[in-house]
Each structure stands twice: as C-alpha cells, then as structure tokens.
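Reminder, nothing fancy here: chain letters follow the sequence lines and each chain counts from 1.
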Amino acid sequence: MVNSPYLDGLNPPQRQAVETLNGPVLILAGAGTGKTKALISRLAHLLYTNTASPGQILAVTFTNKAAAEMKHRVSALLGGQSVEGWWIGTFHSLAARMLRRHAELVGLRSNFTIIDDDDQVRLIKQVFELQGIDAKTVNPRMVLGIIDKWKNAGIMPDNIPVFAAGEAPQNLTGSQLGDIYKQYQARLLTLNACDFSDLLLHLVNIFRDPQNGVLAQYHARYTHIMVDEYQDTNTIQYQWLRLLAQAKHNVCCVGDDDQSIYSWRGANIQNILNFEKDFPEAVVIRLEQNYRSTKPILAAANGLIAHNTGRLGKNLWTEMDSQELVRISVTMDQSDEARSVAEEIENIQRKGVSLDNMAVLVRASSQMRAFEERFNIFGIPYRVIGGPRFYERMEIRDAMAYFRLVNQQDDDLAFERIINTPKRGLGAKTISDLQQAARKMHRPLFTAVEFLIQTDEIKPSPRLTLQKFVGDIQRWKEASTTLSIKDFAAAVLEESGYVDMWRNDKSIEAAGRLDNLKELINAMSQFDTLAAFLDHVALVMENSERSEDARVTLMTLHAAKGLEYEYVFLPGWEEGLFPNQRSMDDSGLQGLEEERRLAYVGLTRAKHKAMISYALRRQIYGEFSDTVPSRFIEELPADTVNDERQKIKSNWGFASTTVTSQTGWNNWGQKKWGSKAPLTIDMDAIEIPNNSDFKIGQRVFHEKFGYGKVTSIDEDKLDVSFEKSGHKKVLDRFVKAA
DNA sequence: AATACCTGGGTTTTT
DNA sequence: CCCAGGTATT
C-alpha cells in the first residue's frame, strides 16, 4: 500500500471505519470519539487506495461549517492540494448544484433563485390574498412551517394528510391548506424560484422518474457516499441519499442517536434504523472512546442521557482523569447570572486560559442579551455565533434584491422589494396596478413593466421612472458579465441611488449600514460569477466573521454541536426554558428527550470543565417570574457534580418552604407549565440570604463598582449610589462594609 | 407619500 | 420588553 500517514493514531474501531471502504457502513460515534477524523481518513483512504477518485466521492455534511472543516482537513491531509470542485458540502448545497443541471425537468430554469425565509413569508402572504385569507387571523409563518414539514417529509401538494373537521392547523380546512401549498409552489415556478426545502424535494422527484435517466447518471458518477451527522437527516434527505446509494451500496453514515437535536425540523432518528433495514448487509461500527472530555464530565453526561429511553445504546469512556467536577450554581436573575459567568471568565483568564477556549451555550437566543450586556460592561471580547445574521440585515437584503433581479428578472419578490427603494415616487397604488397588469398578462413583473412602459397604460411620471429602472437593470445585467463582481456590485448600489439613500439618512444606524454594504461588496470579490455569489448567500448565510483576537464564544446549544471548548458555561437550566416548555407541549416525552439530548450535547462540548447555572427569577416579556431548577440538574449523578448551592445552604441555614408556582412562564402564551400540583421547592437549596446587615446610608465597597452609599434596601437587594459608577442595584453579598 | 404613533405578537432550536 | 407592521396623521 502507498504511504498512509492518516492511518496512524487511529484506534481499532476507527481503523475499521476507515478501511471498510465497500458496502454500507454505519458508524455510531459518540461525542468526541474522533468521528470527523475517521471520516476524513476514510476519504483519504479511498483516494490513496485508488478505490475512488475525487469526482466519485460524495461527502455530505449537515452544516456549512462542517463542510468547510472537512474540505480544509482533507486538503491538509493531501499536502495542501485544492479540493475545489469536489462534491463535499451540505445536503442543500449539493442538491442545489445538482438541481441547476436538471432544473428544466421540474419547470425551472438553471438560473433559478433560491429564496430566503423573508421572501417565503412575503410570497405566502400574496397567496393568502389570492385566496381571501386574512394574514392577521392566520399566521403566515405557521402555515409556512406546516408546508415545510410536508416538504421535509417528501409530501407533495396532492397527497397532504387528511384532516378531520376542525383538526387542521390555523383554523383552515385541509383543502385550504392544500390549495395554499399548491399555489405557493405554482408561484415559485412562475418566479423561477424555489425555497430551501425544494432543492431536495425537486431533486428527489427528478430521481424518481426513470424516464429522464438522471438518477442513472449519478449512479454512474458516484461510487462512494459519506454522510456526517446522520442522526439529523430528515425524510427527504434520507430519500435523496437512498436513491443515490441504491446502485452501489457504498454508503457510510456517521451519527449519534444521543445527539439528535433537530427533530423539530423533520429529522428522524428512525433513519438510523431504516439504514439497517434498507442496507441489511451494513457493517455497524461503534466509536466509544472519547478523547475530548474528562471522566467527571463524561460521567455526568452519561448519567443524564441514561434517562432517555429508546436509545441505541453506547458506552462512552475516557482515560482522562480529573478532580474538576461539573459545577452547579444559582443566581438571583439573568443579569446576575451573566455577571457571575463574566466574573468566572475573568478568573479563568487570570489562570492563563485564552478566551478562545471558553464558550457560553444557551438554550434560546433570547438569553444572549444579558451576556452581551455584561461582557460589554466587563470589557470581555466575545463573538456571537448564530445571532442576527449578516445576510438578514435590511440593507443587505435590499442590495441582494438588486443583484437577484439583475441575475434573474422573473424574481418578482426582488422586484417588489427594490422598485421603490430608494424612494422613486412609486406608491402603493402604482405598484399594485403593476401587479394586477402582470397577473393579467401572465408575466413576471419585470417583463410586464418592460412592455407597459412602451404604452400609455402608465401615467407619464411613473412611466419615466420605470423606464429608467428597467434600463438600469438591463445595463447592469450587461455589466455583470463584463465587470468584476466587485465593480459590478459597487456600480449597482451607487447608480441605483441605494448607497446615497443611506448617506442621506441621518439616523444612528445609517453609518453601520453603509459599513455593511461595503463589507458585502468586499465579500463579493471572492466570487467569479454573480450566480456563484448568490448561491453562496442563499446556501451559506453565515457570518464569516473571523477575528484574530481571542474571544469568548456565545451561541445556542444547537449551534455548538460538533464544537469543543476547555471551559463551557451552561446557563439557564430552568424548567420551561431548558427543558423548553414548548418542546414538551408540542412533542411530549419525545420533546423532553430531545431537550435532554441537547443538554447532553452541551455537556459533552466541555473538555476540562462544565459550569451549569440557573437564575431564581427570569424576565420574560419584561415580566419577572420565579423559576424552578431544571430537572436535568437532578438527573446528573451526585458524584459528578460540585453543587455550590450546598455551600449557600450551610451559610444561610433556611427552612424548607412550599411555594405554589403561579408565576413561571404562564405569561408566555396561555400555557402554564407542569403545575399539576403545587411545587415543593427546597428552600435550603435556594438562596434567600439573611436580611442585610447593611443600613441605609452606610458606606460600602463593591469589587466592580467601587465605593458607594446604600440608599435603600429590599431584602437582599441594595440600592447603592456609587461614587464612580453611579446608582446601581446590587446584591448584598457582593458588597462589603467599608 | 412620508412620517409618527400604536398595537399586538413573539422566543426554541436552522439548512 | 422589543420589534415589525399597521394605522393615523401631516
């Protein structure tokens, strides 16, 4: 065999996973067991042994990050060789690439637009209007959610489920929903566009039609298929895979049923079981040695996930001993929680640990604000992953609409978005006239307008404006083929008056928006064609914000999958928040178990130390409510945790009190959580500190805020007027008498 | 047609 | 509480 450095340092099951090149392979790989390493080594092995050439390998990942990582590592393994053009990518990006070649088979043209969720909503609202459905009584997003679920399950408009009377969601009838779905799809075709889920749905439909011979082409092309994060595949993705793999059966899927956290998006753990059914000769390999976390962390995670039923079963182990247990702590409220995390971050940093090695993983993005605020006060640099995204900003979407319309004139959504942005004096009336005319002509808006401006149908003033607009688009279209992408973009934004619109805007955000537009133009320079750039934005949608300096990472648990950090903070472990109430209401025990898997994912991100916390009160929609600690805390084996609440208990010595939970999250919607019986909270475990030893007017010292005078006292909360930091509400245990 | 107020709904998670 | 979208007002 050829030199094979990638085989060094693999443990026996990893090595088996790498060397079993032919036939179906299912790798059940626990967190931190080196599955990516195995997958990448396997890809290298396929090449080194001449089992497959790059063009014959299809490597599918779930996230763009994972795809980028795989490309990067494969390239490194091959001595820096470029992997450009290899079939490594997410389900959606690979599907888009394929669909562009066969678009006409489903009634699209190859330059079809992939619309974002903002446009989806706008489109569905238009469909509502056509059907006389009031968008105020029926939530468009909900309906889109239903349609998307169907799409992810491979359900076409003509075979949607039958709803019993009154059973259909959103107070619509089943036939109404079917009509909406149908019209939505029809509108998409008219716009020469598709939504995200369509990429796979269309392709599966193409594959299923033997007449066109497309599937046979791909069967001949791809000899080996690999899939990462297999537990997160949904039905349509699975169908796509199975169709592609059914000829040669050389398919290798890597997954962990304990990390399945996307069932809400249609992911189906059953796919793991289906795999063994569809490919009965599959070799199943388990990777169980964890190279990431210490024994206490792993024991805590194992103990927690053991509460789930219906697992495939896995026994993760590690050789890494540690005295550092999983810390559990409690704070007064979320800002207190954020402060305590910030302080701990500074403590860890003082020990010489880089901020890059620390992460705060939250259940819901609404939790992030408190941390961002506190990090800003403390001056702790942080990066947010998965927050408001660059490409979702208004100015970026506007700019993109210009580019989209230049690329593809049937894109009415783009047309509508920019026709009067910046203001060109075209009011709602004119625009709705145009829409009506276009509808009558059965033409996209742009084509209709192209025609109308040659007639006297439109009044002189809007006519002139539209003539200019149409001329601009046509000219830019020309420019897009002659100029560099960057110059083209700059020209469009400048000549359209869009940049000027923000230059003339005196609001505070205007400068930031201009910066973002500059950044957009810069980002575009990496692309050869406009189409390539548009695809990138539609499919990747992520901030490529790469900063040199060390930062704490703040993100959701979902976004954290696949990542690892030395120190991991897990705040907000409260009933209702985590496990999330809606998840449990919607999906019952299944929902709870998915939440638990999410907790498992969180814990197993930590290499050295995990720190769980919760707040006694949390503000939801501006209102404070009392919380109950997450059941997951109880589920952690006692010998794996360092429960700091115990210390508080001995310090304050309080009796147990029965609290009837009337507050909780019941202001959130109409739902009340869990309150079958009054909840008994062990007040020993919760800090209600002694009455303050402080008196009004007393001079005190606070670590962060310095010296000040107490102005009022409310139980344990002091109002202090600090000499340097001004008036603050602080907890008495954070100040000393001075 | 452009601005200023107001209301109601939202926060689970994302390719 | 905070935002987007809608309505009222100019």
Measuring from the side chain of [X] (C-beta onward, heavy atoms only), which nucleotide among [options] has the closest atom?
{"X": "W264(A)", "options": "dT15(B), dA2(B), dT14(B)", "value": "dT14(B)"}
{"X": "R582(A)", "options": "dA2(B), dT14(B), dT11(B)", "value": "dT11(B)"}
{"X": "S366(A)", "options": "dT14(B), dG10(B), dT11(B)", "value": "dT11(B)"}

Phosphate-side-chain proximity, N234(A) and dT15(B), N/O vs OP1/OP2 below 4.0 Å
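Result: no.
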Are T556(A) and dT14(B) close enough that a side-chain N or O sits under 4.0 Å from OP1 or OP2?
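Answer is yes, contact under 4.0 Å.
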In whole Å, what is the span from the [atom1] atom of [X] to the [atom2] atom of [N]?
{"X": "I419(A)", "N": "dA1(B)", "atom1": "CD1", "atom2": "P", "value": "13 Å"}
{"X": "Q581(A)", "N": "dT11(B)", "atom1": "CD", "atom2": "C1'", "value": "14 Å"}
{"X": "F578(A)", "N": "dT13(B)", "atom1": "CZ", "atom2": "C1'", "value": "11 Å"}
{"X": "L199(A)", "N": "dT15(B)", "atom1": "CG", "atom2": "C1'", "value": "9 Å"}
{"X": "D117(A)", "N": "dT13(B)", "atom1": "CG", "atom2": "P", "value": "13 Å"}
{"X": "Y230(A)", "N": "dT15(B)", "atom1": "OH", "atom2": "C1'", "value": "18 Å"}
{"X": "D586(A)", "N": "dT13(B)", "atom1": "CG", "atom2": "P", "value": "14 Å"}
{"X": "N580(A)", "N": "dT13(B)", "atom1": "CG", "atom2": "P", "value": "9 Å"}

Taking side chain to side chain donor-acceptor pair (under 3.5 Å) as the definition, give me every residue that meets it alongside N407(A), ordered by chain and number, with sequence neighbours left out.
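With sequence neighbours excluded, N407(A) shows a side chain to side chain donor-acceptor pair (under 3.5 Å) to no residue whatsoever.
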For K468(A), enumerate each residue passing the side chain to side chain donor-acceptor pair (under 3.5 Å) test, keeping only those at least two apart in sequence or located in another chain.
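Here the qualifying residues are D472(A).
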If you count the non-hydrogen atoms of other residues, nucleotides and ligands that lie under 6.0 Å from [atom1] in [X], is the total more than 12?
{"X": "Q590(A)", "atom1": "CD", "result": "no"}
{"X": "E372(A)", "atom1": "CD", "result": "yes"}
{"X": "R97(A)", "atom1": "CZ", "result": "yes"}

Nearest heavy atom decides the nucleotide; on that basis, is G425(A) or F91(A) closer to the 5' end of DNA chain B?
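Taking each residue's closest nucleotide, the earlier one in sequence belongs to G425(A).
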Specify the residue among A559(A) and T430(A) whose closest nucleotide of DNA chain B lies further upstream toward the 5′ end.
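It is T430(A), whose closest nucleotide lies nearer the 5' terminus.
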Using atom P in both nucleotides, what's the gap between dT13(B) and dA4(C) to the nearest angstrom?
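Result for the P pair: 16 Å, nearest Å.
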Positional range of nucleotides in DNA chain C within the contact set of chain A, heavy-atom, under 4.0 Å
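Both ends considered, the range comes out as dC1(C) to dT7(C).
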Mind checking I114(A) for me? I need base, sugar-phosphate or nothing, with any heavy atom below 4.0 Å counting as a touch.
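No contact at all - I114(A) keeps every heavy atom at 4.0 Å or more from the nucleic acid.
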How would you label the contact of R369(A) with the nucleic acid (heavy atoms, under 4.0 Å): base, sugar-phosphate, or nothing?
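Result for R369(A) = sugar-phosphate.
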Report yes or no: do S335(A) and D333(A) form a side-chain donor-acceptor pair below 3.5 Å?
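Side chains of S335(A) and D333(A): pair found under 3.5 Å.
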Determine the interplanar angle of the F415(A) and F469(A) rings, folded into 0 to 90°, and report it as parallel if under 30°, tilted if 30 to 60°, perpendicular if over 60°.
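Aromatic pair F415(A)/F469(A) classed perpendicular.
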Measure up the W240(A) and F91(A) rings against each other and bin them: parallel (under 30°), tilted (30 to 60°), perpendicular (over 60°).
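Perpendicular: the ring planes of W240(A) and F91(A) meet at over 60°.
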